[in-house]
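Below you'll find the structure, written out as structure tokens, and then a few comments.
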Amino acid sequence: MSMGNHPKVYGTAAVAVAFVAGVLFTLGMKDFYPDLERRYQRRRGQPYNPLDSCPGSTYLTPLKLEDHSPSRHQSLVAPIVPEGIESTIGHTPLFKLKSLSEATGCEIFAKAEFLNGAGGSPKDRVALNMIAVAEEEGLLVPGRGDTIYEGTVGSTGISLATLARAKGYQAYICMPNDQSTEKSDLLHHLGATVERVTPAPITSTEHFVNLARRRAEEHTRNSKDGSVGFFADQFESMANWKAHFSTTAPEIYEQMGGHIDAFVTGAGTGGTISGIAQYLKLETSLSTHIILADPTGSGLYNKIKHNVMFASTEREGTRRRQQVDTIVEGVGINRLTANFASGMELIDDAVRVSDEQAFCMARWLVEKEGVFVGSSSAVNCVAAVVTALRMGGGKRVVTILCDGGARHLSKFWKKVGERGLEEGGHDDLIKLLGVEGERTGERAEEKEEEKEEKKGEI
């Protein structure tokens with residue numbers, strides 16, 4: 001079939017060829033147009049502007065880029081910088097202890113109170129509140145030369161010594177001479193006066209708490225410059241448990257999203273467990289189980305279990321140099337303090353922890369968690385494991401990591417090394433702690449121990 005027989009096809013082809021030729025001509029002329037324009041402008045005696053050669057319909061004015069982002073030395077909002085070392089107290093992180101959780105089938109969380117910024121323990125909160133209350137009541141006046149006196153096994157003294165300096169006071173600390181030397185050395189470096197005394201019963205005037213009270217009274221009585229001696233009295237001061245009620249407990253509640261099946265901690269003064277128990281059970285109406293962790297020789301275990309302040313070491317013929325005969329420092333006591341009494345009725349149960357269990361737990365935390373803590377923290381973690389096993393899988397348990405291990409090198413951690421536990425190689429936490437019976441609810445060892453203690457009471 002010839003093209004002549006199809007004039008429409010032939011015409012379409014011709015239009016296509018003409019279109020292509022036009023495109024090629026236009027593309028070719030774009031390179032010659034600026035040159036022609038330049039020659040034309042020269043003939044007219046006008047300066048040549050290359051921008052004039054661009055078609056008006058396609059030319060856009062060049063954009064000038066400006067950097068409106070803040071420089072390194074500027075910020076959109078001026079930051080609020082806290083003032084003073086006291087501003088670093090509180091809002092400590094809470095994290096999950098992975099290996100303890102895996103071993104128990106529960107979620108075990110730790111409130112890292114050793115990260116408080118003044119004295120590195122929960123006693124920072126207590127010391128700060130005791131000083132604040134004393135200032136409000138006019139018992140302490142900054143710049144007057146006042147001295148804060150306290151009887152303590154270490155942590156409260158360290159917190160008081162730090163904050164005393166920051167707020168314009170002096171610190172005088174009385175403590176038993178069987179506590180780790182790291183604590184008294186640190187107190188000296190913090191500028192506190194330290195009086196180490198021979199351990200004595202609370203009924204003795206030479207007990208470290210009674211001695212601190214007497215030293216404060218002597219200061220005030222003999223002062224010639226108008227300064228006073230203020231006895232902080234952490235065991236009986238209500239500012240103790242209230243500090244945890246108003247700060248520690250709300251932080252835990254918020255960090256856990258209000259889902260706390262059990263809270264576990266030991267008691268020295270009793271402020272931590274009482275303050276947190278009152279908040280969780282009375283302020284928020286949670287059904288959280290409050291569990292006391294108590295070391296060997298302390299009477300609080302039996303006070304919670306049987307409402308009798310008694311320890312097996314107090315039996316006739318077996319009583320030792322001290323009532324609380326344990327290597328653990330900071331928790332365990334054989335008297336009822338005002339702080340502990342304020343929340344005692346809210347404590348649901350107690351777990352007794354041996355020194356050996358504390359040693360094993362402390363080393364386990366280093367090996368499996370990379371966490372280096374002191375003796376009371378180890379006691380808390382052992383009790384948290386036992387609590388988790390008793391409650392069954394899926395529960396959420398919270399405990400406290402009180403202070404770092406550096407304060408316990410010469411005593412507690414020395415014993416850990418002597419036991420050969422630093423060689424490692426342990427993979428079964430439940431077996432290591434000897435709490436296999438807790439998983440099934442048998443608790444045979446504890447029942448046997450309770451039976452023996454009841455015999456001692458008769």
Side-chain angles (χ1 to χ4, degrees), residues 92 97 99 110-124 127 150-162 171 173-192 194-199 208 265-266 268 293 295-298 321-322 324-332 353-383 399-426 432-433:
T92 54
L97 292 167
S99 65
K111 178 76 165 160
E113 284 293 278
F114 64 89
L115 294 179
N116 277 300
S121 80
K123 297 301 184 181
D124 278 0
E150 184 59 292
T152 169
V153 296
S155 291
T156 304
I158 293 169
S159 295
L160 282 171
T162 303
I173 306 301
C174 298
M175 63 186 302
N177 61 15
D178 62 347
Q179 301 301 295
S180 62
T181 57
E182 289 87 355
K183 293 180 181 179
S184 57
D185 289 345
L186 180 55
L187 284 165
H188 279 298
H189 290 301
L190 288 171
V194 182
E195 187 172 355
R196 291 175 68 99
V197 300
T198 302
F208 64 96
T265 193
T296 303
S298 173
R321 179 175 59 87
Q322 288 194 72
V324 184
D325 192 21
T326 176
I327 202 72
V328 173
E329 297 179 358
V331 291
V353 180
S354 69
D355 285 350
E356 195 66 30
Q357 287 175 316
F359 296 147
C360 292
M361 176 57 76
R363 188 57 206 171
W364 176 276
L365 290 173
V366 171
E367 290 182 16
K368 308 299 183 181
E369 303 281 354
V371 177
F372 183 54
V373 294
S375 55
S376 56
S377 300
V379 168
N380 286 348
C381 288
V382 172
T399 191
I400 300 287
L401 298 182
C402 306
D403 60 1
R407 296 179 185 175
H408 302 263
L409 295 176
S410 64
K411 189 177 177 183
F412 180 77
W413 276 98
K414 181 181 179 181
K415 292 292 184 182
V416 173
E418 291 174 353
R419 296 293 200 281
L421 296 170
E422 294 182 334
E423 298 175 3
H426 305 286
L432 178 66
L433 297 178

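Atom set for the values below is all heavy atoms of this structure, side chains included, hydrogens, waters and symmetry mates excluded.
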### Query
Does some side-chain heavy atom of Phe114 sit less than 4.5 Å from a side-chain heavy atom of Ser377?
no

### Query
Which pair of heavy atoms, one from Ser159 and one from Asp124, lies closest together, and at what distance?
OG-OD1, 2.5 Å

### Message
Can you tell me how far apart NZ (Lys183) and CG (Asp403) are? Round to the nearest 0.5 Å.
### Response
6.0 Å

### Message
Is it the case that the side chain of Gln357 and the backbone of Ser354 share a donor-acceptor pair, with hydrogens and angles ignored and the cut-off at 3.5 Å?
### Response
yes

### Message
Does atom CD (Glu418) have a neighbourhood of more than 12 heavy atoms from anything else shown, all under 6.0 Å?
### Response
yes

### Query
Is the shortest heavy-atom distance from the side chain of Arg419 to the side chain of Glu356 under 4.5 Å?
yes

### Asn177 side chain reached by Pro199 side chain, heavy atoms, under 4.5 Å
yes

### Query
Hey, what do you get for NZ (Lys123) to CD (Glu150), rounding to the nearest 0.5 Å?
9.0 Å

### Query
Would a 4.5 Å heavy-atom cut-off, applied to side chains only, mark Arg363 and Trp413 as touching?
yes

### Task
Rounded to the nearest 0.5 Å, what's the gap from OG on Ser121 to CG on Leu401? Could you check?
12.5 Å

### Message
I need the Ser155 OG to Asn116 CG distance, nearest 0.5 Å.
### Response
11.0 Å

### Query
Is a side-chain N or O of Lys111 found less than 3.5 angstrom from the main chain of Thr92, in a donor-acceptor match?
yes

### Task
Could you tell me whether the side chain of Glu422 reaches within less than 4.5 Å of the side chain of Val366, counting heavy atoms only?
no

### Query
What are the two closest non-hydrogen atoms of Cys381 and Leu97, and how far apart are they?
SG-CD1, 4.1 Å

### Task
Looking only at non-hydrogen atoms, find the nearest pair between Cys360 and Leu433 and report the distance.
CB-CD2, 4.1 Å

### Query
Are side-chain heavy atoms of Lys415 and Phe359 found at a separation under 4.5 Å?
yes

### Task
With sequence neighbours excluded, tell me which residues meet side chain to side chain donor-acceptor pair (under 3.5 Å) with Ser184.
Arg196

### Message
Minimum heavy-atom separation for Ala161 and Ala192, please, with both atom names.
### Response
CB-CB, 4.0 Å

### Message
Run the side chain to side chain donor-acceptor pair (under 3.5 Å) test against Glu195 and tell me which residues pass, sequence neighbours left out.
### Response
Tyr172, Arg215

## Note on the structure
Across all chains, not counting sequence neighbours, the side-chain contact (heavy atoms from CB on, under 4.5 Å) partners of Leu186 are Ile158, Leu190, Arg407

### Task
Examine the side chains of Glu329 and Ser375 and answer whether a donor and an acceptor come within less than 3.5 Å of each other.
no

### Task
Kindly indicate whether the side chain of Ile173, heavy atoms from C-beta on, has any atom under 4.5 Å from the side chain of Phe208.
no

### Closest contact, heavy atoms only, Asp355 versus Ile327
OD2-N, 3.1 Å

### Query
Does some side-chain heavy atom of Cys402 sit less than 4.5 Å from a side-chain heavy atom of Val373?
no

### Query
How far apart are the closest heavy atoms of Met361 and Ala378, and which atoms are they?
CG-O, 3.6 Å

